[in-house]
Amino acid sequence: MIEVLKRLLSHPQGAIGLGLGAILILAMAFGPLVAPYDPESFDYSARLVGPTANHWMGTDQFGRDILSRLLWGARSTVLLGFTATLIGTSLGAAVGILSGFLGGWIDDAIMRVVDATMAIPNLLFALLIVTVLGPSGLNAVIAIGIAFAPGMARIARSVTLATRNHDYVSAAVARGESAAYIMAREILPNMVAPVIVEGTIRVAFAIMLLATLSFLGLGAQPPAPEWGLMIAEARGFMFRNAWTIVWPGLAIATVAIAFNLLGDGLRDVLNPRTR
Amino acid sequence: MSLAYLVKRLVYLLITALVVSIIVFGITQILPANAAQMLLGEFATPEALAAIEARLGLDQPAYRQYLDWIGGVLVGDFGTSLRTGLPVGPTVVDAMSRSLTLAGLSLLMVTIVAIPLGVLAAVYQGRKIDLGVSLTSYIGVSLPEFVLATLLLVWLTRPELGWFPASGYVPFADDPLKALWHLALPVLTLTIVLTAHVMRMVRSEMVDVLHSDYVRAADLRGLPRHSVLFRHALRNSLLPTITVLALDVGYLIGGIIVVEEIFAFPGVGRLLIVAVQQRDLPLIQAGALIMAMTYAFSNLLADFAYAYLDRRIQYD
């Protein structure tokens with residue numbers, strides 16, 4: 001763990017990603033404590049003002065402090081992105097391991113279905129699921145998790161196929177271990193590195209998708225300080241104060257860049273071939 | 001490319017069509033325990049509920065509903081919209097033709113912009129231009145389409161500037177210049193986002209090829225640099241790029257949904273968003289099916305192009 005961190009720090013992308021990630025964790029931990037204003041309190045005497053000494057990032061159409069809203073929103077934005085990725089990863093890993101381990105026609109059948117599912121773009125898949133579950137932040141998370149599962153299943157399966165014929169797996173089979181034991185104790189640990197790399201990049205993607213769904217009115221609902229929703233709500237006033245769009249946009253992009261950089265760094269650091 | 005490979009890929013496309021249609025129909029119509037209630041809300045009258053159940057055949061068993069639907073789809077009948085009462089098929093096909101214009105122009109722009117930039121970055125690996133391309137592509141892949149589109153709106157459509165229209169659509173047949181003017185910002189948004197993806201891929205492919213033995217051999221034979229780059233390296237790194245472009249059609253579809261909504265472009269993406277907001281099931285089903293099949297079909301075409309161009313690989 002410490003070793004991985006050290007190597008990440010000497011990797012250009014990894015180091016920048018780690019730095020941005022540290023800032024993000026600070027914002028999530030202490031954001032609501034240091035936020036200068038209540039994120040939902042209106043101030044009609046200071047609507048749509050640009051950055052000033054009182055409001056460092058300006059205010060929105062209700063006079064709400066943008067900086068305070070961004071700080072409050074950081075926690076849920078990132079945690080929901082993580083949750084969606086976690087749902088997709090566990091679901092995908094379960095299907096992928098099972099498919100690769102069972103092999104034969106079952107594997108063929110499962111993989112054909114997984115491939116076909118991947119023909120449905122993530123946003124479209126999420127839209128379909130939100131149709132049924134109804135628009136809400138939590139439902140958007142579930143939708144994105146399910147949409148991510150097929151891609152994760154492919155990765156889990158290829159790792160399973162690569163490790164299935166190793167001696168230690170044969171040894172476990174010879175010892176008479178149960179299939180569940182072999183899958184969980186012998187095959188699953190091999191999956192950690194590739195899944196962490198893919199998962200990190202997916203978190204960036206999940207955060208972007210969540211913001212997109214909220215923007216379309218199908219995710220978080222007002223008055224939540226969700227970053228995508230903030231842009232959607234400010235659209236009618238964007239010509240009067242462009243900062244209402246710029247700051248949340250910058251926040252989403254920065255978080256996504258952080259996870260993309262971190263993912264690329266981890267891929268190079270965890271890959272035994274480039275070590 | 002052998003006939004067996006061709007047939008196998010066509011069979012895969014059919015399986016994909018089958019699975020996608022089951023997923024789309026299953027999620028939207030079968031999965032909700034009470035689809036009629038979901039459509040009309042909790043205050044619906046029993047008469048209204050009964051009417052919509054009869055119209056969608058919700059009182060039938062699940063497999064029967066699916067077979068009725070897919071049977072219609074196969075002969076071009078996608079049902080009628082729950083909100084407008086118009087047949088869904090022509091509405092979707094109409095919107096699709098406009099979306100394809102948007103998608104085609106964007107892909108064309110991406111090909112023109114991303115491939116040279118990716119190649120330049122690879123040739124000057126580690127230099128300033130490489131750094132610039134890498135940095136831009138990081139920003140590009142991390143900027144959701146809706147943020148970029150909204151920022152472009154703020155900067156370029158300000159009333160006092162009036163450079164570009166904020167929304168709308170003009171058919172090419174009416175006024176080609178005006179049509180392009182309306183397409184400019186949506187295409188620009190999609191091009192920037194996709195270029196970031198494609199540029200990265202082209203760069204990494206080209207770097208691999210430049211380090212390969214045959215490029216080194218060509219260099220050592222004393223061939224001129226441009227001949228090595230264009231005849232040996234570029235040709236081989238463009239093959240995987242075809243696949244990358246096809247895979248990016250998936251991103252493109254996601255992007256089109258968002259961009260059409262923001263710029264009020266009357267394509268199939270906007271149609272779908274409105275259908276989801278109004279819970280217009282037949283319209284959602286048709287739109288989703290057509291989009292997913294377009295993606296599957298573009299991947300099939302890319303595979304065929306790849307197999308045709310790359311004679312080294314024998315597919316079975």
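In what follows, every heavy atom counts, from backbone to side chain, and hydrogens, waters and symmetry copies are set aside. Just so it is clear: chains get the letters A, B, ... in the order the sequence lines come, proteins before strands, and each one is counted from 1.
Taking each heavy atom of Ser99(B) and Phe265(B) in turn, the nearest pair found is N-CE2, 4.3 Å.
In terms of non-hydrogen atom pairs under 4.5 Å with chain A, the most contact-rich of Phe146(B), Tyr251(B), Tyr295(B), Tyr12(B) is Phe146(B). Ranked by heavy-atom pairs under 4.5 Å with chain B, the first of Thr254(A), Asp115(A), Leu127(A) is Leu127(A). Among Thr150(B), Leu148(B), Leu272(B), Thr28(B), the residue making the largest number of heavy-atom pairs under 4.5 Å with chain A is Thr150(B). The most heavy-atom pairs under 4.5 Å with chain B, out of Leu124(A), Asn122(A), Leu123(A), Val130(A), come from Leu124(A). No other option in Ile253(B), Leu18(B), Ile23(B) has as many heavy-atom pairs under 4.5 Å with chain A as Ile23(B).
The environment of Met201(B) atom CE is sparse: at most 12 non-hydrogen atoms of other residues, nucleotides or ligands sit within 6.0 angstrom. Surrounding CZ of Phe237(A) are more than 12 heavy atoms belonging to other residues, nucleotides or ligands, all under 6.0 Å away. Atom CZ of Arg83(B) sits in a crowded spot, with more than 12 heavy atoms from other residues, nucleotides or ligands closer than 6.0 Å.
Heavy-atom proximity under 4.5 angstrom to chain B picks out Ala256(A), Ile257(A), Asn260(A), Leu261(A), Asp264(A) from residues 255-265 of chain A.
Neither the backbone nor the side chain of Leu289(B) comes within contact range of chain A; no heavy atoms are under 4.5 Å apart. Proximity to chain B (any heavy atom under 4.5 Å) is shown, for Ala211(A), by both the backbone and the side chain. Heavy-atom distances place the side chain of Ile257(B), and not its backbone, under 4.5 Å from chain A. Looking at Ile27(B), the atoms closer than 4.5 Å to chain A (heavy atoms on both sides) sit in the backbone and in the side chain alike. If you measure heavy-atom distances from Ile231(A) to chain B, the contacts under 4.5 Å come from the side chain alone. Interface residue Val141(B): backbone and side-chain heavy atoms are both found under 4.5 Å from chain A.
Within the 4.5 Å cutoff, no side-chain heavy atoms of Glu145(B) are placed close to those of Met208(A). Using a 4.5 Å heavy-atom cutoff, the side chains of Leu229(A) and Pro222(A) are in contact.
No donor-acceptor distance shorter than 3.5 angstrom exists from the side chain of Arg202(A) to the backbone of Thr85(A), with no hydrogens or angles considered.
Rounding to the nearest 0.5 Å places CE of Met118(A) at 8.5 Å from CG of Leu247(B).
The cationic atom of Arg270(B) (NZ for Lys, CZ for Arg) does not lie both less than 6.0 Å from the six-membered ring centre of Phe263(B) and within 45° of the ring axis.
Relative ring orientation between Tyr66(B) and Trp69(B) is described as tilted, the plane-to-plane angle lying within the 30° to 60° band.
Salt bridge annotation for Arg64(A)-Glu233(A): present, with a cationic side-chain nitrogen under 4.0 angstrom from a carboxylate oxygen.
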